[in-house]
Amino acid sequence: MRSTQVVVLTASELQEQLKVGTICHKHGVCFLVADTRGLVGQLFCDFGEDFTVQDPTEAEPLVAAIQHISQGSPGILTLREEADAHRFNNGDLVTFSGIEGMVELNGCAPRPLHVQRDGTLEIGDTTTFSHYLRGGAVTEVKRPKTVSHEPLDTALFQPRVVAQSPQEVHRAHCLHQAFHALHKFQQLHGRPPKPWDPVDAEMVVDLAQALESLKGTEGEPLEEQLDKALVRRVALSSAGGLSPMAAVLGAVAAQEVLKAVSKKFMPLDQWLYFDALDCLPEDEEPFPNPEDYAPRDCRYDGQIAVFGAGFQEKLSHQRYLLVGAGAIGCELLKGFALVGLGAGGSGGVTVADMDHVERSNLSRQFLFRPQDFGRPKAEVAAEAARRLNSDLQVTPLTYQLDLTTEHIYGDNFFSSVDGVAAALDSFQARRYVAARCTHYLKPLLEAGTKGTLGSACVFIPHVTEDYRAPASAAASEDASYPVCTVRHFPSTTEHTLQWARDEFEGLFHLSAETINCHQQALTSLAHLDESQVLTVQQVVLGVLRQRPQTWRDCVLWALGQWQLCFHYGITQLLSRFPPDKVLENGTLFWSGPKQCPRPLEFDASQDTHLLYVLAAANLYAQMHGLPGSRDQTALRRLLKLQPLPDPQDLAPIFSSDLELASAYAEFGPEQSKQLHEALEIWTVGPPLEPLTFEKDNDFHVDFVAAAASLRAQNYGIPPADRTKTKRIVGQITPAIATTTAAVAGLVGLELYKVVGSPRPRSAFRHSYLNLAENYFSRWVPHAPAIQKFHHWKWTCWDRLEVPAGQPERTLESLLAHVQKLNGLRVRMLLHGKALLYSAGWSPEKQDQHLSRRVTDLVLEVTRQVPKPGQRVLVLELSYEGEKEDVTFPPLHYKL
C-alpha cells in the first residue's frame, strides 16, 4: 500500500469504501470514491491531513519586462509601458532573470513586492546592488498551499461539499443523504431499487429521513429539512447507468487523480455532487409505467432504466450532424455510439472534418492510433465508432462546413438532419455552423475547452437564444501586429514569435516557391512585389551565391542568416537610429514601447545559438533535397573552425516600409541583371521543396523557438520556452482529455432533452467548469430576444415564408404579399449584396423589376442560378420608417 499513490473506488458498497478509506488515510495514500446512480453522481476525495499543492492554479506565472530598477531601500522597479502592473498584487513573491547591470537580482530567492499607486513595484533593498543597465524580466513565484482532509468515516457525517451558493449546499446535503440511503437499501434488500418503482422509492425516502443528522464544520448539527421530493426522484431513476454521467464524473475523478500525483491544482474539498435530474420529465407529467423501464437484456438497459424503451427507440432513429472530429468531436462520437444515437432504422450520424490525423492528436483524441497518421480524421473516427457499436450508422465527410461547400451541405442535406453537434476550435467556424442551424431551425449542441476550462451549450429554435461568440474571444482570433513593429520594434514575446514565424515562411516556403516559378519559366521579375524580390535576393544573393551542394554549405548559409538577423541587422538599425537619437519634439527615439536593441555575438557554445544554426541548416538542406544532420557535437566543431560571414555578403535590413519601398525603387536594371544571373545558376537542378510549417516537426518548432528567443535577447524581452512557442505559433488550443470528456458528457445530457418530448426552456442547461479550481456552474439559457417594429414582434428564429407558386409570382406580387402579411411597405429588397428593389428608384426602373418573376430577376442581377437541390432563396427586407438598430426576419422564398 505504501508504494501506491492513489486508490480509486467505483461502483462500490459503503462498507468497502469505509474500510479502504481508513487504510488509505492511515498510510497517507490519496483516496477517491466515484459513483453514479442514474442522473446523480458522487465524488469524494481524501488526500490526507497534510497534502501540499505545489501549483494551486492553472494560470501561468506572471512575467513582465523591466524598464528600470532604482538603487535604494526600497528599490523601485518600473515595468515597460506594455506590461500590466495591475496583474501583480501586494505580497506576491517574484524573482528576476536576464537583468544586465544589477545582476545580483538574477535568480535570487523570491522577494515580496508592493504595488505602488503609479504602477511601480517596491522590491526590497537594492542599495548595495550594481547599477541597473537594461533588460530583464520579473516573474511571479507561485506559493504552495497545504490541504487537510478528513477520513471518510468522519466526512460521511460531517461533509464539506463543493457548491457555489447556500441553495447548492442544501441540495448537495440532500443528495448526500440520498446516496447514503441507497447504500442502506442495498444492504437491507441485496439489490438496488427497481426502476421507477414507487414502493422502493418511498423506502429510500424513509431510510434517508431516519439517517443521523449531518453536522457542520464545527461539529454543530445542521438544521436542514430533507427535500423528500428530490430524494424520491433520485431513487426512482437510480437503477440506471448513463454514459454521459460516467463521462462527467469520470473526467472529474481523473483530474483529481492527476492532482494527487502531480501536486498541481487544488483538490476537491471533499464531496462533489453533480445531478442532471433536469433531464427527466416535469413532475406534473403522468407517472411512467415501470414496465417500459424494465431490462431488455440489451446494451442500453442502463439507459432504458432511466428514460424507458420508447425513448431508446426514438434515440436510435435520430439523424445528427457532428461537425469536427478533433478532441471533443471524438468524445462526442464515442458518446453517441454508447447511447445508441442513430443506431437503428433510418437513424445515423454524419461526421464532417477536413483535417488529417497528426501525432499530437494522440494525447487527447482516443479514437486515433499511431497507424492512422495522415488519414482523414472523419474516416478514422467513423471506423472506430463502428467498432464501439456495430449498429451505429455513421457517415464520414471530409469537406469542411463553410460558404464554399453549401452545395454539399445544402437544403437537401439539412432537411434530413434532426440536430447538429459542433466541436470546433475557432469562433469563426462556430458562428458559421450556428448560422446554418438558425437558418434551418435545427437544435445546436456546442462545446469547447481550453486546458481545464470547459463549456457546453444548447440552442433550441424558438425556445432559447441563438449562439453568440464571446466578443473578446472572437476579436482575439483576428488580432494582428503592425508589420513594422514586428520587424524592427518588438516589445512583447508575441512580437518575437510572430517575427520568427514570418522568417520561417519567407526563408523556407516563399523563396522556394518563387525560385521554382522562375525555374519553370525564366520570366521577368516585374510581376513580383518588393517583399518577394528582396526575399529571393536574401536567399540567392546571400552568403553562398550559388545552390548548396553539401551539408557544410547549408551550415554556412545558416550561420550567415544568424549573423544577418541577430548581429549585422541590429548594427545596421542602430547606425540609422543611434541609442541617443532624439526626435524633433525632444523625446528619445528609443523610448516607450520602442526598446533599443543590441547586437549579439555568435557563440557556438551557447545552446540557443547552436540550435538556430542546426534547425536552419537542416531546413535549408531539406528545401534543396540534401541530407541533413542531428549531430550537435560535430556541428559545434565545424562552427568553431568556420569564420563569420563578411557583412558585404549579407542582404540589407530595412527599418521601415518607406526604406523597403525606397530600396525596391533603387532595384534597377543592374541589380535585376545580377539577380537574373544568380537565378540561372540556381535553376540548374531539381525544383526546391517549399516547406510548410508543421507544429509536430521538431526542426520547424526548433527554428521558430530559437529565432524568437534570440530576437528576444536582442531587445531585452522575456523569451518564450519551447512549449509556449509550439502552442502559440502552432495555434494549439490547450486540450486535455479530462476536460474534453467532461464537456462531451454535458452535451450528452442535453441531447437527452433535445431528443425527448418538447421541453420548456427551464429544462435546458448551459454549463461551465474549471477543473483546476473546482468550479462547476449550470444555468438556464436566456430566452430569444424579442424585437418589435410597430405592431410586429419577432425573434432571431422567425422568418417570413412565401411560396413561389405555380406559375411563379412576380416581384410585384411578392411585395404585395409581404405587405399583406405584416402591414408594412417594403423599402428595399436584397439577395445577398444584390439589390433587387428600391423604393427610391425611378418609376421606370421600378416597373422594369416589378414585372419580372423573382427567380429571373435574381439570375439577372446576380448572374447566379440556384444551386442543385436549393429549396429556398433568402431575401433581406427593409421597411419604410425603420430604425437603424432593427434587424428584420429574413424572407424565405420557397422554390
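By convention here, the first residue in the shown sequence is residue 1. Every value quoted in this text rests on a predicted model; they were computed, and no experiment measured them.
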task: Please round to the nearest 0.5 Å and tell me the distance separating atom CD1 of Ile328 and atom CD of Gln365.
output: 10.0 Å
- request: Start with the C-alpha distance between Leu510 and Glu505, add both sets of side-chain angles, then the distance that settles side chain to side chain contact (heavy atoms under 4.5 Å, CB included), and finish with yes or no.
  value: CA-CA 6 Å; Leu510 293 178; Glu505 187 73 10; 4.2 Å; yes
message: Just checking Phe703 against Phe508, ring centres under 6.0 Å apart?
response: yes
message: If the threshold is 4.0 Å, N to carboxylate O, is there a salt bridge linking Arg636 and Asp631?
response: no
message: Between His609 and Asp603 (side chain of the first, backbone of the second, donor and acceptor by atom type, cut-off under 3.5 Å), is there such a pair?
response: yes
- prompt: In Å, rounded to the nearest 0.5 Å, how long is the span from CG of Asp698 to CG of Asp702?
  reply: 6.0 Å
Ala381 to Phe368 - nearest heavy-atom pair and separation: N-CE2, 3.9 Å
query: Hey, is the main chain of Gln67 close enough, under 3.5 Å, to the side chain of Thr78 for a donor-acceptor pair?
result: no
- request: Quick one: do Leu710 and Cys565 satisfy side chain to side chain contact (heavy atoms under 4.5 Å, CB included)? Show the steps, please.
  value: CA-CA 9 Å; Leu710 291 164; Cys565 293; over 6 Å; no
- prompt: Between Tyr620 and Trp557, what is the ring plane arrangement, given parallel below 30°, perpendicular above 60°, and tilted in between?
  reply: parallel
task: Examine distances only and state if a side-chain atom of Asn714 and a backbone atom of Arg598 form a donor-acceptor pair shorter than 3.5 Å.
output: yes
query: What are the two closest heavy atoms between Pro61 and Glu140, and how far apart are they?
result: CB-O, 3.4 Å
task: Evaluate the criterion side chain to side chain contact (heavy atoms under 4.5 Å, CB included) for residue pair Val555 and Leu639; output intermediate values, then yes/no.
output: CA-CA 8 Å; Val555 171; Leu639 289 170; 3.8 Å; yes
query: Are Asp372 and Arg369 close enough for a salt bridge, meaning some N to O gap below 4.0 Å?
result: no
- request: Taking Lys594 for its side chain and Leu588 for its backbone only, find out whether a donor-acceptor pair lies under 3.5 Å.
  value: no
message: Could you check, using the six-membered ring where one of them is a Trp, whether Phe504 and His700 have ring centers closer than 6.0 angstrom?
response: yes
query: Stepwise, does the salt bridge (charged side-chain N to carboxylate O under 4.0 Å, His left out) test hold for Lys142 with Asp92?
result: CA-CA 8 Å; Lys142 290 190 174 182; Asp92 282 352; over 6 Å; no
- prompt: Would you find a donor on one side and an acceptor on the other, under 3.5 Å apart, between the side chain of Thr95 and the backbone of Cys108?
  reply: yes
message: Less than 4.5 Å apart, side chain to side chain, heavy atoms only: is that true for Leu691 and Leu619?
response: yes
- line: Looking only at heavy atoms, the pair that brings Pro597 and Leu574 closest together is O-CD1, 3.5 Å
Ala616 versus Ala558, closest heavy-atom pair with distance: CB-CB, 3.8 Å
message: Is it the case that the side chain of Arg552 and the backbone of Gln549 share a donor-acceptor pair, with hydrogens and angles ignored and the cut-off at 3.5 Å?
response: no
- line: Closest non-hydrogen atoms of Thr493 and Ala720, given as atom of the first, atom of the second and distance, are CG2-CB, 3.5 Å
- request: For Tyr132 and Gly135, indicate whether the former's side chain and the latter's backbone hold a donor-acceptor pair under 3.5 Å.
  value: yes
message: Could you check whether any side-chain N or O of Asn618 sits under 3.5 Å from a backbone N or O of Ser629, counting only pairs where one atom can act as donor and the other as acceptor?
response: yes
message: Run the side chain to side chain contact (heavy atoms under 4.5 Å, CB included) test on His68 and Arg134 for me, step by step, so that the C-alpha distance in whole Å, both residues' side-chain angles and the decisive distance to 0.1 Å come before the verdict.
response: CA-CA 7 Å; His68 181 72; Arg134 71 190 301 272; over 6 Å; no
- prompt: Got a donor-acceptor contact below 3.5 angstrom from the Gln632 side chain to the Leu610 backbone?
  reply: no
message: Nearest 0.5 angstrom please: Gln563 CD to Leu600 CG, how far?
response: 9.5 Å
- prompt: Cut-off 3.5 Å, side chains only: do Thr452 and Glu58 have a donor facing an acceptor?
  reply: yes
field: Minimum side-chain heavy-atom gap His495-Ile717 below 4.5 Å
entry: no
message: Check the orientation of Trp562 and Phe602. Use parallel for under 30°, tilted for 30 to 60°, and perpendicular for over 60°.
response: perpendicular
- prompt: So which heavy atom on Cys554 is nearest to which on Leu626, and how close?
  reply: SG-CD1, 3.9 Å
Arg501 side, atom CZ; Gln498 side, atom CD - distance, nearest 0.5 Å: 8.0 Å
- request: Mind checking the CG-OG spacing from Leu497 to Ser709? Nearest 0.5 Å is all I need.
  value: 10.0 Å
message: With a 4.5 Å cut-off on side-chain heavy atoms, are His567 and Leu644 touching?
response: no
- prompt: Is the distance between the ring centroids of Tyr715 and Phe489 less than 6.0 Å?
  reply: no
field: Audit row: Arg375, Asp355, salt bridge (charged side-chain N to carboxylate O under 4.0 Å, His left out) steps and yes/no
entry: CA-CA 9 Å; Arg375 293 189 59 202; Asp355 286 341; over 6 Å; no
message: As an exercise, state the distance from CD of Gln400 to CE of Met354, rounded to the nearest 0.5 Å.
response: 4.5 Å
Main-chain N/O of Lys377 paired with Asp353 side-chain donor or acceptor, under 3.5 Å: no
